[in-house]
Amino acid sequence: MYDNTLDLKQTFKKGERLKRRKLIKRMFNREGESVAAYPLRIIWLEVELDSNYPAQFALSVPKRAFPKAAHRNVIRRRLREAYRLNKHNLYEFVEKQEKQYAIMVLYTAKEALTFQQIEAKMKVLFKKFVKRNQ
RNA sequence: AUUACAAACUAGUCUAUCGCGUUUCGGUUUUACCGGAAUGAGGAAAGUCCGAACAACGCAGAGCAAGCACACCACCUAACGGGUGGGGUUCUUUGGAAACAAAGAAUACAGCAAGUGUCGCAGAAAAUUACCGCCCCGAGCGUAGCGAGGGGUAAGGGUGAAAACGUGCGGUAAGAGCGCACGCUACCUCAUGGUAACAUGAAGUAGGGAUAAACCUUGUGGGUUGAAAUGCCACGUAUACCGAUGGGACCGGUUUUCCGGUCAGGGGGCUGCUCGUCCUUGUCGGGGGGUAGGCAGAUAGAGCCUGUCAGCGAUGGCAGGUCGAGAUAAAUGAUAGACAUCGCGCAAGCGAUACAGAAUUCGGCUUAUCGGUUUGUAAAAAAU
RNA sequence: GGUCCCGUAGUUCAAUUGGAUAGAAUACCAGAUUCCGGUUCUGGAGGUUACAGGUUCGAACCCUGUCGGGAUCA
């Protein structure tokens, strides 16, 4: 079912993006589980997706913390890069389980952090996620 | 060459690695990936304050009303509440005794002399007023006078943001634009200049406090709603249930109920009323279920650049060149390094490089903005 | 993306449709009462009426522009 060459790539295609509003609603309402590694929080849900990827990913930066759209864009792009460069850890684990996940990452800090800080936290977050699902 | 202000332009550059959207070419394990190429945020993309394009509501159907917007003149513009030029008024500075002149800035600048309203406190009085005062007549007291009452007057008085044209002379019982001279303001007529607003001059009439960002009047212009508009395709579904209220007339079936048709009536059709017209058929209210995917709208336009001509200017004409994002939980990036500019420092080095991110598209306005360049004005200093 | 509404003491609200020191409750401070605290009573402080202009003799109120907050629409 999965292409094994995928997990070596650092791409981030359209099929890997979580877009269905219904799924996002379900995650927030009842079914999603979550774990935090400040300033990040991950929410996930085991579902059957309409694509071949092991997971679909979305992110959110609250307007309350960053009222200017340009500032939100900077944070969003750093988060996305951090996910893109480290997602292979996640994919390996998920493929062994032969499951699919919808994943959402929230940014909860009030200040803008550097890429290095965000990337480190993202790795911690993935470790926690793996631990919870074993 | 410095500082301040105003206007216009600009909005750091390069390399490496890993990526993203759109278009396109090729490939494959053929619908999803891989590889290549091209291209990919702004002057404000912002606020949503105006104006349009475009779309829907029946080519908005007709009329009236309400409501809204605008308000010196001319021009520019697709249009505008925007812009340019001009006029009036007010303020500031300089000169001057003053009148005024020059420069600069501001200006929602139609009409309180159409009507109505309001103008606290103070003051006699806040719009046809009379407290003190001034003057005349004067019953009576009874004699240098006092004075009930009647009348005239608006010169003087204090108040107030504002006091009933100003100054002088005449005039009068006292006074008053009551008259005269000079001046001020408004209206109107004529003449001159100007496309016009308006300015100047002359004659006449008048002297009416302020407020229309008070109601309002006059003139001009507006139908309403907006891309979450709108059209098509796909998926999916149920008007279940509750409350209130009604079931008119005629015809047919049937004949107690009930069913069907026509008319009336009710409801709706993107502000109100009347008319017209269309849709709907128990009505109104509560409440429930489903879908929230795709395509079009949607990117060549009142477009941009250069030159030239017309115009004081906004702007326009002509010629040549050019194609410069099109996403949809939303691409246009992340990381590392070098250079550039500015600040501090002898130096090594350290710090700073703004405001800010397309969402149908244009024209304006307003607001945010580290710096850099150019032009103009003013000031001080130096040189000639 | 569009449309609409609201900004007054630290907080919750007033202020006769323009008229004078912007008022009340609560919270705060001080004093009294109490052995102490609370309650109660008395007094005090606290406001550039979001900001900036304008109209007016006079603005919380009227007008314009900013800033901030909120609601709503398939």
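Every chain is numbered from 1, with letters handed out A, B, ... down the list of sequences. All figures in this text were calculated on a predicted structure; none of them were measured in a lab.
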Asks: With syn defined as a glycosidic angle within 90° of 0 and anti as everything else, classify G177(B).
Replies: syn
Asks: What is the distance, rounded to the nearest whole Å, between atom CD1 of I75(A) and atom P of G357(B)?
Replies: 14 Å
Asks: Syn or anti for A228(B), please, going by whether the chi angle lies within 90° of 0.
Replies: anti
Asks: State yes or no: are the ring centers of Y101(A) and F129(A) separated by less than 6.0 Å?
Replies: yes
Asks: How is the base pairing of RNA chain C summarised as a dot-bracket string, given the Watson-Crick and G-U wobble criteria with both distances under 3.5 Å, [ ] for crossing and | for another strand?
Replies: (((((((..((((.....[...)))).(((((.......))))).....(((((..]....)))))))))))).
Asks: Determine whether F126(A) and F93(A) satisfy the following criterion, side chain to side chain contact (heavy atoms under 4.5 Å, CB included), listing intermediate values before the conclusion.
Replies: CA-CA 10 Å; F126(A) 285 166; F93(A) 168 76; over 6 Å; no
Asks: I want to check one thing: is the phosphate of G19(B), taken as OP1 and OP2, less than 4.0 Å away from some side-chain N or O of Y83(A)?
Replies: no
Asks: Assigning hydrophobic clusters by single linkage (Ile, Leu, Val, Met, Phe, Trp, Tyr; side-chain heavy-atom cutoff under 4.5 Å), is F12(A) placed with I103(A)?
Replies: yes
Asks: Find the distance N73(A):CG to G21(B):P and express it as a whole number of Å.
Replies: 16 Å
Asks: Kindly say if K13(A) contacts the phosphate of C20(B), meaning a side-chain N or O under 4.0 Å from OP1 or OP2.
Replies: yes
Asks: Classify the glycosidic conformation of G222(B) as syn or anti, calling it syn when the angle lies within 90° of 0.
Replies: syn
Asks: In whole angstrom, give the distance that lies between atom CZ of F12(A) and atom P of C34(B).
Replies: 14 Å
Asks: Which label fits G96(B), syn or anti, where anti is any glycosidic angle not within 90° of 0?
Replies: anti
Asks: C13(C) and U17(C): how far apart are their P atoms, nearest whole angstrom?
Replies: 23 Å
Asks: In whole Å, I'd like the distance from the CG atom of L85(A) to the P atom of G333(B).
Replies: 17 Å
Asks: Please write out the pairs of protein N or O atoms and N or O atoms of nucleotides 325-330 of chain B separated by less than 3.5 Å, giving the distance to one decimal.
Replies:
residue, atom, partner, partner atom, Å
U328(B), OP1, K14(A), NZ, 2.9

Asks: Looking only at the side chain of K68(A) (C-beta and beyond, no hydrogens), which of the listed nucleotides C33(B), G357(B), C20(B) gets closest?
Replies: G357(B)
Asks: Nearest 0.5 angstrom please: L59(A) CG to R77(A) CZ, how far?
Replies: 11.5 Å
Asks: Please tell me if Q116(A) has a side-chain N or O lying less than 4.0 Å from either OP1 or OP2 of A334(B).
Replies: no
Asks: Any N or O donor-acceptor pair under 3.5 Å from the base of C18(B) to the side chain of R84(A)?
Replies: yes
Asks: Can you tell me how far CG of N133(A) sits from NZ of K131(A), rounded to the nearest 0.5 angstrom?
Replies: 13.0 Å
Asks: With rounding to whole Å, what would you report as the distance between G307(B) and G194(B) at their C1' atoms?
Replies: 38 Å
Asks: Both distances below 3.5 Å, Watson-Crick or wobble geometry, any strand: find the nucleotide opposite U48(B).
Replies: none
Asks: Under the 4.5 Å side-chain heavy-atom rule for ILVMFWY, direct or indirect, which residues accompany V124(A)?
Replies: none
Asks: Can you tell me the base-pairing partner of A127(B)? Count Watson-Crick or G-U wobble geometry only, both distances below 3.5 Å, and say none if there is no partner.
Replies: none
Asks: How far does the C1' atom of C73(B) sit from the matching atom of G179(B), given to the nearest Å?
Replies: 44 Å
Asks: Check the chi torsion on G324(B) and let me know: syn if it falls within 90° of 0, anti if not.
Replies: syn
Asks: Looking only at the side chains, is there a donor atom on one of E16(A) and Y83(A) sitting less than 3.5 Å from an acceptor on the other?
Replies: no
Asks: Go through the steps to decide whether L79(A) and L40(A) satisfy the test side chain to side chain contact (heavy atoms under 4.5 Å, CB included), and finish with yes or no.
Replies: CA-CA 10 Å; L79(A) 274 180; L40(A) 305 178; 3.7 Å; yes
Asks: For R77(A), answer base if it contacts any base atom (sugar-phosphate contacts may also be present), sugar-phosphate if it contacts only those atoms, and nothing otherwise; contact means non-hydrogen atoms under 4.0 Å.
Replies: base
